[in-house]
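In this text the structure is predicted, and so the values were computed from the model without any measurement. Letters go in sequence order (proteins before strands), and every chain restarts at 1.
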Amino acid sequence: MQAKNIIEVIVDVPTMQTDRPYDYSIPEDLKDLIQPGMRVQVPFGSRNLLGYVISDPKATTDFEGELKDITALLDDEPVLSPEMLALGKQIAAENFCFLVEAYHTMLPNLLKVDYDKYFLPTTSISYREHAQYFSDFNEISWAEAEEKGYLADLIKLKKDNKVSIDYRVEDRKRYKTEKWVQPLMGFDQLEDELQNVRKTAKKQLALVEVLMELDGKKVSAKYFEEFDIHMATLKAGAEKGWLSLFDQPVNRDPYANIVIEKSEKLQLQAQQERAFAAVKTAMDAQKDEVFLLQGVTGSGKTEVYLQLIQEALDKGQEAILLVPEISLTPQMVNRLKGRFGDMVAVLHSQLSTGEHFDEWRKLKNGQAKIAVGARSSIFAPLHNIGLIILDEEHETTYKQSDNPRYHAREVAKWRANKHGCPVILGSATPSLESRARAQNGVYTLLEMPERSNHQALPPVELIDMREEFRHKNYYQFSRKLRDEMQATMDRGEQVALMLNRRGYANFMQCRDCGYTFQCPNCDVSLTYHYHNKQLQCHYCGYNAARPQTCPQCGQTHLREFGTGTEKVEQEINELFPNKTVVRMDMDTTRRKGSHERMLKQIADKKADILLGTQMIAKGLDFPNITLVGIINADTSLYLPDFRAAERTFQLLTQMSGRAGRGDLSGQVLIQTYNPDHYALTLAQHHDYDTFYQTEMRYRKLNQYSPYFYTVRFTVSNFDDHTAMATAAKVAHMLREANVAGTKIIGPAQSTISRVNNQYYYQLLYQHRGNQAIHQVLQAIQDRAQNWSKDKIYVSIDVDPMTFM
DNA sequence: AGCACGCCGACT
DNA sequence: GTCGGCGTGCTC
């Protein structure tokens, strides 16, 4: 039998032509080390690239040419488990993305690599040339050559074989280290040393004494700080031979300096107990059952999660808890850390790449057993998962909006199946898709209709803003909301105000001629930002200083239209001059830790009013907030998206749930121009069931999800006509395939038809989910390979969450 | 993607 | 004659 010294590698070139395994031979010295799931460096063409080993060693290859050797191994153990290797294939196939892309998103960024190119002199280079381009060195990087203007010359020398190019792969993987101290002398020796130290060298005397106490034990250099002994003294000690300093790899801990209150296990109430028992039964039976836990806001879902996670730990298993956007739910993280301490690893986008890598590593090597985080945490490198939870399962952030366009819910089900464990989908307002599956018995429905503090859900009032206008009230605030804010704050309680800004732009217009300021690269209005007096494009980032005169008519009567958080904040300052406002939106929360700081201000009652965009609707739990006001409820209602009503209903219900979470009763005021729309009236009455039924009728009538599946194609090109014509070709291919029960909508211009000077067309394909569909989609994907050569890009989004 | 190879126009 | 433009096709 032949030796098995060939392996399959996926190379780091995200294109259609290279989206397949390449065979490489294993050099003798790596033979016993190489395993599937490891990262390797391979020669590919004239370059060196990162690759993922995806197969066990095999004896034969179909490749006709001569196999190349793997250049180097980048890991000492696999970074992708066999489960992950299989999962990547599944994701790539279902979402029409490249396999490398799938593997990349499953791993922390630190495991990506940088590519560098270096020029090296060969033996045929002249002394003169060497001196000119390399001076005293034996290499020069491509970037440096470019900077110094040598690039053209060096490329010429390359042609004459006077220099060669070295393609390097630089692993970004770095371990953080700390200085540690290894005592080198025993007690008696140190005692002798004590005599040799000058009596005035107080620090050194102290150091010797501490070392004597350590009795040979290794400790961190930090340990000496409490004796006021610092690095200079330790270095002196090392020179005298008392100790040696070495680098100890440590985990970066983003929560190191944060004090977390211990959270105690609570007594479960009857409805929680029922949900707990149902999931525990599935866990005991190792069944991959999916539960839809539908509990009203404040019903105590989190406590159920925590106790079930405890169950998993007790069995020696691990758990994953997904939240929509972790930086918005610090309270959830605190509760988990308070209950489970170091067992929790938190993964989210505001961590540095190094911190993220270390949290990931803790999960991989078993130091932590609970993964908490946003969407990508579903790929947590755990080995024996006992439970997966998606909190607020209806949130659209669970679907990634660019490649690979996976949905965390689907990945969760896939992993649950592999691990034989249940999945909990938790929400007060489940997505229609999930609720329909629960209705059909595909998921098990668990209901928690009561609030745990036994407070009734807060009364909700709809305020007709058309009336306000008729009464010549031109503020963003209705008279009622103003009065109630005053009364609430007079009682020493707090107010939360939400501005529903989705799909809404602040724009600037000339009052004389009606000219509006548009982005030169995109078909959208520019948004005016008050704080830096700039007009900005929210799609391509274009910005310009606020003009003083109208470019069309030259007049100076320019005015900002629309409602932004900044403008509302100004009005609040006008109406309630001695109250403090905390404003939370994309602008004020960009910096690391700013969420926590702002929420702490509310928790400590240093502020009276919390004003924010929809980010404040999620997971906040402040007992002293008793009034919730929604400034403009209906801006999300008439978006070109069949889920517009569902989103509005979910948002209003969720925001209403922020009121009256403690012992004080709360109230909610919703300002609207559509007080009769069912999404609003049913949110007003906390009536999910009627909303579900009403909305399902509408979806059935119009053949939308969950009755039909949707695939969205987006075609883009710098030329308007080419983009349109290609979209028509896609439509043609779908029509030709002629699959029964399908429907084509479009092609049509995208809502924003031009972004960054690229024209966008989209096309929707509704189907009932049979195998023939996948073939058509694959055929279009294959055609797209040719189109991409002409810079025409076609993207396929299976079950899209947005239609903009 | 990036690079080599290859076939046509406008230069030292 | 040669240099260099970017179209085409390959990378184990």
Side-chain angles (χ1 to χ4, degrees), chain A residues 2-28 30-31 34 36 38-74 85 89 92 96-105 112-120 122 141-143 145-146 149 151-170 402-404 716-719 722 781-795:
Chain A
Q2 264 178 290
K4 295 187 173 179
N5 63 348
I6 299 169
I7 38 123
E8 296 174 14
V9 172
I10 296 293
V11 292
D12 183 18
V13 185
T15 65
M16 258 170 236
Q17 300 145 78
T18 51
D19 186 33
R20 60 185 188 80
Y22 286 84
D23 287 346
Y24 283 89
S25 49
I26 312 168
E28 196 55 37
L30 299 179
K31 231 177 140 187
I34 206 154
M38 286 182 169
R39 296 174 309 143
V40 288
Q41 184 186 317
V42 290
F44 193 69
S46 52
R47 296 178 292 164
N48 267 317
L49 294 178
L50 166 75
Y52 294 100
V53 177
I54 60 155
S55 78
D56 282 316
K58 57 181 189 179
T60 56
T61 175
D62 293 336
F63 184 58
E64 314 256 312
E66 180 122 352
L67 291 187
K68 289 183 181 171
D69 265 0
I70 290 207
T71 320
L73 212 48
L74 267 53
L85 287 171
K89 286 182 190 167
F96 299 94
C97 75
F98 313 122
L99 195 46
V100 240
E101 285 181 319
Y103 289 146
H104 272 153
T105 42
K112 290 188 189 147
V113 296
D114 295 316
Y115 295 107
D116 285 319
K117 286 185 278 191
Y118 285 85
F119 291 99
L120 306 182
T122 66
S141 74
W142 183 285
E146 199 164 26
L151 211 48
D153 295 354
L154 283 165
I155 288 170
K156 248 179 225 139
L157 289 177
K158 163 105 194 329
K159 285 211 170 108
D160 302 336
N161 278 327
K162 289 181 173 172
V163 301
S164 63
I165 298 180
D166 187 19
Y167 297 87
R168 287 185 205 166
V169 173
E170 304 259 3
D402 38 45
N403 278 335
S716 68
N717 187 249
F718 60 85
D719 179 63
T722 310
Q781 173 85 339
D782 293 343
R783 269 292 283 286
Q785 187 178 328
N786 291 323
W787 290 329
S788 69
K789 282 182 207 148
D790 299 325
K791 302 216 163 21
I792 305 168
Y793 299 104
V794 178
S795 82

Query raised in the report: Which part of the nucleic acid, if any, lies within reach of A:Pro43 when heavy atoms closer than 4.0 Å are counted: base, sugar-phosphate only, or nothing?
Result: sugar-phosphate
Requested in this report: Inspect the surroundings of CZ in A:Phe718 and state if more than 12 heavy atoms from other residues, nucleotides or ligands are less than 6.0 Å away.
Outcome: no
Query raised in the report: Is the shortest distance from a Lys or Arg side-chain nitrogen in A:Asp23 or A:Lys58 to a carboxylate oxygen in the other one below 4.0 Å?
Result: yes
Query raised in the report: Do side-chain atoms of A:Asn48 reach the backbone of A:Tyr167 as a donor and acceptor pair under 3.5 angstrom?
Result: yes
Requested in this report: Give a yes/no answer on whether the side chain of A:Lys58 brings an N or O atom under 4.0 Å of OP1 or OP2 in C:dC12.
Outcome: no
Report task. Select base, sugar-phosphate, or nothing to describe what A:Tyr167 touches, counting heavy atoms under 4.0 Å on all strands. Result -> sugar-phosphate
Query raised in the report: Tell me: CZ of A:Phe98 to P of B:dA1, nearest whole Å?
Result: 8 Å
Query raised in the report: When we call it a touch if two heavy atoms are under 4.0 Å apart, what does A:Gln17 touch: a base, just sugar-phosphate, or nothing?
Result: base
Query raised in the report: Is any side-chain N or O of A:Lys156 closer than 4.0 Å to OP1 or OP2 of C:dC3?
Result: no
Query - Other residues, nucleotides, ligands: >12 heavy atoms within 6.0 Å of A:Glu170 CD - result: yes
Query raised in the report: Can A:Tyr22 be called stacked on C:dC12 when the rule is centres closer than 5.5 Å and an angle between planes below 30°?
Result: no
Query raised in the report: Is A:Thr18 touching bases, backbone alone, or none of the nucleic acid, heavy atoms closer than 4.0 Å?
Result: base
Query raised in the report: Looking across every strand, which nucleic acid part, if any, lies under 4.0 Å from A:Tyr24 by heavy atom: base, sugar-phosphate, or nothing?
Result: sugar-phosphate
